[in-house]
Number of protein chains: 2
Amino acid sequence: MNSRNISPEAQNRIEEMLAKLKSSDFRITPQRYAVLRILAASEEHPSVAEIYESVRAEFPTTSLATVYKTVSLLKDIGEVLELGFHDGNNRYDGNRPFPHPHVICMQCRKIMDPELAGLDDLSAEMNRKTGYKILSHRLDFYGLCPDCQKLA
Amino acid sequence: MNSRNISPEAQNRIEEMLAKLKSSDFRITPQRYAVLRILAASEEHPSVAEIYESVRAEFPTTSLATVYKTVSLLKDIGEVLELGFHDGNNRYDGNRPFPHPHVICMQCRKIMDPELAGLDDLSAEMNRKTGYKILSHRLDFYGLCPDCQKLA
DNA sequence: GTTTTTTTGATAATGGTTATTAAAAAACAA
DNA sequence: TTGTTTTTTAATAACCATTATCAAAAAAAC
Ligand SMILES: [Mn+2]
Ligand SMILES: [Mn+2]
Ligand SMILES: [Zn+2]
Ligand SMILES: [Zn+2]
């Protein structure tokens with residue numbers, strides 16, 4: 001058995017990431033391939049610790065440092081979006097490696113990608129009104145997910 | 001000489017914070033008053049280290065831990081907004097202790113409060129589309145401030 | 001084959017923040 | 001006032017996700 005329920009979109013992201021690694025003259029090692037596959041397949045914005053756990057399930061000798069370095073590398077070549085949190089436990093999105101809004105549950109820390117229109121205009125408005133040259137942005141909504149609302 | 005260029009708005013914020021401390025049954029110590037005044041007066045979203053330095057200028061025996069605890073206390077009673085960054089160096093806004101957008105210079109780390117319309121609607125849209133009960137949000141724009149653009 | 005470069009794995013170091021705790025200050029009681 | 005209780009401070013140790021270091025392993029180049 002090779003792949004367990006890899007969606008066509010995830011498969012596509014895997015190809016893109018592999019291509020970008022290759023074109024950037026980085027080697028595709030088993031460890032990198034494992035990390036990359038998890039990032040491409042997961043919709044859950046996993047943390048490094050979670051990626052580490054998954055990788056070790058099929059590649060038990062992998063080091064935590066290697067996971068950190070691989071995630072950082074993928075971030076540097078623009079194939080992974082990092083969601084940094086000051087209370088540690090950063091989260092990563094390998095599906096949409098560009099700025100987009102997130103909804104974060106304050107209780108269970110679940111993170112989703114909401115569909116949201118009319119946001120791209122804001123950067124232009126920023127440029128005009130502040131004189132800053134806007135290069136990126138981050139928009140997080142905090143609240144309670146449906147599951148945690150039920151429990152409350 | 002008592003106050004050096006305290007604007008009426010800052011003075012107002014000071015009164016509000018003092019009142020909130022009192023009504024929450026916390027004591028108004030010289031250390032807390034010093035931290036509070038800096039947060040109310042500064043438009044620069046200072047870090048704890050910067051607040052610490054300012055406080056020590058007029059109150060040299062103050063401990064760093066006290067500054068941390070005071071800032072945290074003011075945050076807990078809703079009188080200060082915390083802007084956490086995962087690379088340490090969190091920043092604080094004592095003027096507008098409610099969610100509002102920020103523009104951050106990626107070079108000099110200057111942070112401003114831009115005027116920005118049409119954002120409050122987004123929370124409602126989030127509620128509808130995601131099922132999350134939205135309680136807060138954070139919107140940061142990253143770019144280069146006018147000064148750093150000149151130098152580039 | 002040998003040499004050179006890249007990558008890994010193990011572990012030490014980093015640094016902003018938090019926890020701890022004894023001393024000081026303030027509030028309270030008699 | 002004097003003693004008692006509660007809160008706050010100051011100093012410092014602990015925390016912990018991340019980063020740095022570096023020798024060993026793997027891959028590429030020769
Ligand atoms: Mn996402
Ligand atoms: Mn602000
Ligand atoms: Zn939840
Ligand atoms: Zn700047």
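Reminder, nothing fancy here: chain letters follow the sequence lines and each chain counts from 1. The structure displayed is predicted, hence computed values, not measured ones.
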Please report, to 0.1 Å, the donor-acceptor pairs under 3.5 Å made by any side chain of residues 141-152 of chain A, with sequence neighbours excluded.
from	atom 1	to	atom 2	distance (Å)
A:Asp147	OD2	A:Lys110	NZ	3.4
A:Gln149	NE2	A:Leu144	O	2.8
A:Gln149	NE2	B:Gly131	O	2.8

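- When atom types are taken as modelled, the side chain of A:Arg91 and the backbone of A:Arg109 share a donor-acceptor pair closer than 3.5 angstrom.
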Which side-chain N or O atoms in residues 25-35 of chain B pair as donor and acceptor under 3.5 Å with protein atoms at least two apart or in another chain?
from	atom 1	to	atom 2	distance (Å)
B:Thr29	OG1	B:Arg32	N	3.1
B:Arg32	NH1	B:Arg27	O	2.8

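- Pair check for D:dC30 finds C:dG1; Watson-Crick or G-U wobble, both atom distances under 3.5 Å.
- In terms of modelled atom types and a separation under 3.5 Å, the side chain of B:Asn95 and the main chain of B:Ala10 share no donor-acceptor contact.
- Taking atom CZ on A:Phe85 and atom C1' on D:dC16, their separation rounds to 18 Å, with Å as the unit.
- With hydrophobic clusters built from ILVMFWY side chains whose heavy atoms lie under 4.5 angstrom apart, B:Leu74 does not share a cluster with B:Leu81.
- Listed by first and then second residue, the ring pair (Phe, Tyr, Trp, His ring centres under 6.0 Å) pairs involving residues 45-94 of chain A are A:His45-A:His102 (not counting sequence neighbours).
- Of the residues in residues 63-80 of chain A, those placing a heavy atom less than 4.0 Å from an atom of DNA chain C are A:Ser63, A:Ala65, A:Thr66, A:Lys69, in numerical order.
- Of the inter-residue distances, the one linking A:Leu83 atom CG with A:Arg138 atom CZ reads 5.0 Å to the nearest 0.5 angstrom.
- Taking every heavy atom of residues 25-32 of chain A and every atom of DNA chain C, pairs under 4.0 Å involve A:Phe26, A:Arg27, A:Thr29, A:Gln31, A:Arg32, by number.
- Residues A:Arg37 and A:Ile14 meet the side-chain proximity criterion, which asks for heavy atoms closer than 4.5 Å.
- Within 4.0 Å (heavy atoms only), B:Asn90 reaches sugar-phosphate atoms of the nucleic acid but no base atom.
- A distance-only check finds a donor-acceptor pair linking the side chain of A:Ser24 to the backbone of A:Lys20 [under 3.5 Å].
- If you walk DNA chain C from 5' to 3' and mark each nucleotide with an atom closer than 4.0 Å to a heavy atom of chain A, the marks span C:dT5 to C:dT11.
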Legend entry - Derivation of the side chain to side chain contact (heavy atoms under 4.5 Å, CB included) call for A:Ile77 and A:Leu21: CA-CA 8 Å; A:Ile77 64 177; A:Leu21 271 180; 3.9 Å; yes
